Every structure is written in C-alpha cells, then in structure tokens.
There are 2 protein chains.
Amino acid sequence: MGVKDIASKLKNKGLKVTPQRIAVLEALDGNNSHPNAEFIIKKIKNNNPSISVGTIYNILDTFVEKEVIAKVHTDDNVMRYDPLMQDHHHILMKDSDKVVDYFDDELTALVKDYLRGKKELSDIEIESVKINIIGK
Amino acid sequence: MGVKDIASKLKNKGLKVTPQRIAVLEALDGNNSHPNAEFIIKKIKNNNPSISVGTIYNILDTFVEKEVIAKVHTDDNVMRYDPLMQDHHHILMKDSDKVVDYFDDELTALVKDYLRGKKELSDIEIESVKINIIGK
DNA sequence: ATTCGTGCAAACCGTTTGCAAGGGA
DNA sequence: TCCCTTGCAAACGGTTTGCACGAAT
C-alpha cells in the first residue's frame with residue numbers, strides 16, 4: 001500500500017493526513033501478526049525518531065475509533081492492533097503468543113446462518129462473528 | 001457451590017486449601033459476568049478486609065495456571081476472569097462492556113466439524129473453538 | 001528443614017492526560 | 001482566527017515483585 005493510498009484512506013475517514021499518521025499506517029502495513037504498541041513505536045522510531053509515544057497512542061486510538069484498524073485481544077494485557085478490517089478469524093497456538101489470521105467467509109456464513117435460526121438470540125442483531133481457533 | 005466442594009476442587013488440582021483461596025472462589029462463584037480483579041477484591045474485602053491485593057492477584061494467576069478459572073479478553077485492558085470451564089462462547093454487545101455466556105454444544109460441534117474438513121488446517125490440532133458473537 | 005502461601009509496600013510499565021506550540025483551512 | 005494535531009513530560013493505575021513472616025508437611 002503506497003503513501004497515496006494511505007492518504008486517501010485517511011481522507012475518506014475524515015482524518016487529516018499527517019506524516020505521523022502515515023508512519024503509523026506504514027508500520028502496520030504488511031504485518032499480519034497483530035503488533036502491539038511497543039513494536040509499532042520501535043518500527044516508526046527507526047525512520048522517524050522524533051515522533052512521540054503519546055502521539056502514537058493517540059493515533060492508534062483515533063484509528064480504532066474511525067475503524068481504520070481494530071484492537072485484538074490476547075492474553076497479555078497490552079493493546080494489539082489489527083490493520084485488517086475485513087471479517088476474519090484468528091488462530092491461536094496455545095504455546096506461543098502468535099495470532100494468525102484466518103479468512104473463511106464460508107465459515108462465517110455457516111455460523112451466522114446457524115445463529116439466525118436460534119430463537120434464544122432472536123432479540124439480538126448480530127453484527128459480526130469472531131472465531132478463535134485454539135490449537136496445540 | 002459449598003465450601004466443601006471448593007476445598008475438594010482445590011485439592012484435586014494439587015493446591016492447598018486456604019481461606020484466601022476459598023474467598024476468591026466464592027467471590028467468583030455465581031458470577032456469570034466475568035468480573036475483573038477490582039470487583040473480586042471489593043467483594044472479598046467485605047467479609048475479609050485483611051486479605052491483600054497482591055495475594056488475590058497471585059491466587060488468580062495460580063488458578064489460571066491450574067485451569068480452575070480462565071482469563072477472558074475484553075476491550076479494556078484489565079484482567080477478567082471466568083469461573084466457567086465448560087466449553088462456551090461469548091456474546092458481546094457493542095455498546096456495553098458486558099460479556100454474556102452462550103452455551104451451544106451444537107454450534108461448537110458444527111464449527112469443529114467444518115474445520116476438521118479443511119485441508120489448510122490439517123497440520124493443526126484444534127483444541128477448542130471460542131466464538132464471539134458481536135451484537136448491536 | 002523445607003516448601004508453600006500470605007501481607008505489605010514499593011516498583012514497574014504500558015497507557016493516558018494536560019498543556020503549550022505548530023500548522024492548515 | 002479557529003480547530004486539529006503534535007511533542008513532551010508528568011501522572012495514572014492495574015499488576016507485579018521482593019521480602020519477611022507464618023503455617024503446613
């Protein structure tokens with residue numbers, strides 16, 4: 001994803017294009033492994049040592065709010081971020097802290113269809129379904 | 001769950017039975033809403049003001065390690081604990097921080113069976129499947 | 001005697017916040 | 001001018017850690 005694409009992505013969300021925001025998105029880009037803030041900060045500081053930690057947190061928060069990225073929940077109590085906004089699931093291996101994306105629209109549809117047929121859930125409008133596959 | 005049941009549960013896991021551990025399990029018991037440490041601490045301090053915060057964290061950690069309870073991941077960066085060890089799923093409402101348990105063995109089996117048929121996943125031994133249903 | 005569990009308090013560290021300054025519309 | 005964004009540093013707060021004491025085996 002080039003800088004141009006990033007810029008238009010930001011504009012589409014009503015966000016101003018700044019070097020810091022571009023740097024954050026670039027750091028997230030091409031990471032299919034859900035980096036935490038620390039990783040992002042380090043990666044950015046390589047090319048852009050003057051960017052400040054608070055700013056990065058702020059940017060990440062606004063991105064989450066504007067749904068440019070998503071938070072991911074793992075065992076450790078640190079924020080992790082997922083640049084992929086398409087519906088997808090996660091595979092977690094029990095003895096490592098890696099989180100691998102798993103795309104399977106058929107599975108998503110299968111589960112959603114099943115849930116739609118459940119009367120206990122009839123008062124809930126299901127927005128999405130996230131499946132964690134725990135392997136060993 | 002009585003004190004006696006709690007005691008034998010601890011013994012089965014090779015854990016010594018202490019008043020503090022009983023207090024923690026009692027505080028967790030009957031909570032199907034995934035309390036965080038703060039809630040647990042407050043609840044315990046009512047009857048047992050002398051118990052210490054560090055101890056409660058220690059106990060929760062050992063319980064997780066011995067699989068007496070499980071951690072739950074939510075948006076806020078605080079530990080939450082789930083006293084229910086049976087396979088189950090979670091319903092999360094987008095505009096509240098509540099997590100509701102959802103039991104559905106049929107759904108679990110449906111997904112597991114589906115995944116077993118996937119060749120991409122053939123090198124993974126699936127231990128369990130956790131589904132988060134996000135509603136609005 | 002050794003191991004395990006607890007209480008206490010300090011330390012830790014990831015994250016948040018306040019504020020002043022810069023920059024674009 | 002006004003509003004948004006950044007940098008910096010201090011503060012925050014949930015969690016962890018170190019240590020000494022006590023209990024149990």
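Throughout, a chain's letter reflects where its sequence line sits, starting with A, and its residues are numbered from 1. Keep in mind that the numbers below use all heavy atoms, side chains included, and drop hydrogens, waters and symmetry copies. Note that the coordinates shown come from a computational prediction; the quantities given were computed from them, not determined experimentally.
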Next item on the list: Only counting residues at least two apart or in another chain, list the ones meeting side chain to side chain contact (heavy atoms under 4.5 Å, CB included) with F63(B).
Entry: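 With sequence neighbours excluded, F63(B) shows a side chain to side chain contact (heavy atoms under 4.5 Å, CB included) to L10(B), L15(B), R21(B), V24(B), L25(B), I59(B), V68(B), I69(B), given in chain and number order.
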Margin query: According to side chain to side chain contact (heavy atoms under 4.5 Å, CB included), who are the partners of K112(A), at least two apart in sequence or on a separate chain?
Written below: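 With neighbours one apart ignored, the set is D87(A), T108(A), R116(A), V129(A).
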Next item on the list: Please say whether more than 12 non-hydrogen atoms of neighbouring residues, nucleotides or ligands are located less than 6.0 Å from NZ in K118(A).
Entry: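 Enclosed: over 12 neighbouring heavy atoms sit under 6.0 Å from NZ of K118(A).
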Notebook entry, point to check: Does H88(A) have any ring pair (Phe, Tyr, Trp, His ring centres under 6.0 Å) partners at least two apart in sequence or in another chain, and if so, which?
Noted result: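 H88(A) satisfies ring pair (Phe, Tyr, Trp, His ring centres under 6.0 Å) with H90(A), F103(A) only.
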Please list, for nucleotides 19-21 of chain D, all pairs of protein and nucleotide N/O atoms separated by less than 3.5 Å.
none

Next item on the list: Round to the nearest Å and state the distance from L60(A) atom CG to dT6(D) atom C1'.
Entry: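 So the two atoms are 14 Å apart, to the nearest Å.
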Notebook entry, point to check: Quick one: salt bridge (Lys or Arg N to Asp or Glu O under 4.0 Å) pairs with a partner in residues 45-71 of chain A, sequence neighbours left out?
Noted result: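 Sorted pair list: E67(A)-K94(B).
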Next item on the list: Return each pair, listed once, that meets ring pair (Phe, Tyr, Trp, His ring centres under 6.0 Å) where at least one residue sits in residues 109-136 of chain B; pairs must be two or more places apart or across chains.
Entry: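 Sorted result for residues 109-136 of chain B: empty, none.
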Item checked: Set of residues satisfying side chain to side chain donor-acceptor pair (under 3.5 Å) with respect to Y102(A), sequence neighbours excluded ->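 So Y102(A) forms a side chain to side chain donor-acceptor pair (under 3.5 Å) with D104(A).
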Next item on the list: List for me each residue that meets side chain to side chain donor-acceptor pair (under 3.5 Å) alongside S122(A), sequence neighbours excluded, and say none if there are none.
Entry: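 Partners of S122(A) by the side chain to side chain donor-acceptor pair (under 3.5 Å) criterion come out as none, since no residue qualifies.
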Margin query: Please encode protein proximity along nucleotides 4-23 of chain C as a string of B, S and -, counting only heavy-atom distances under 4.0 Å.
Written below: SSSBB-----SBBB------
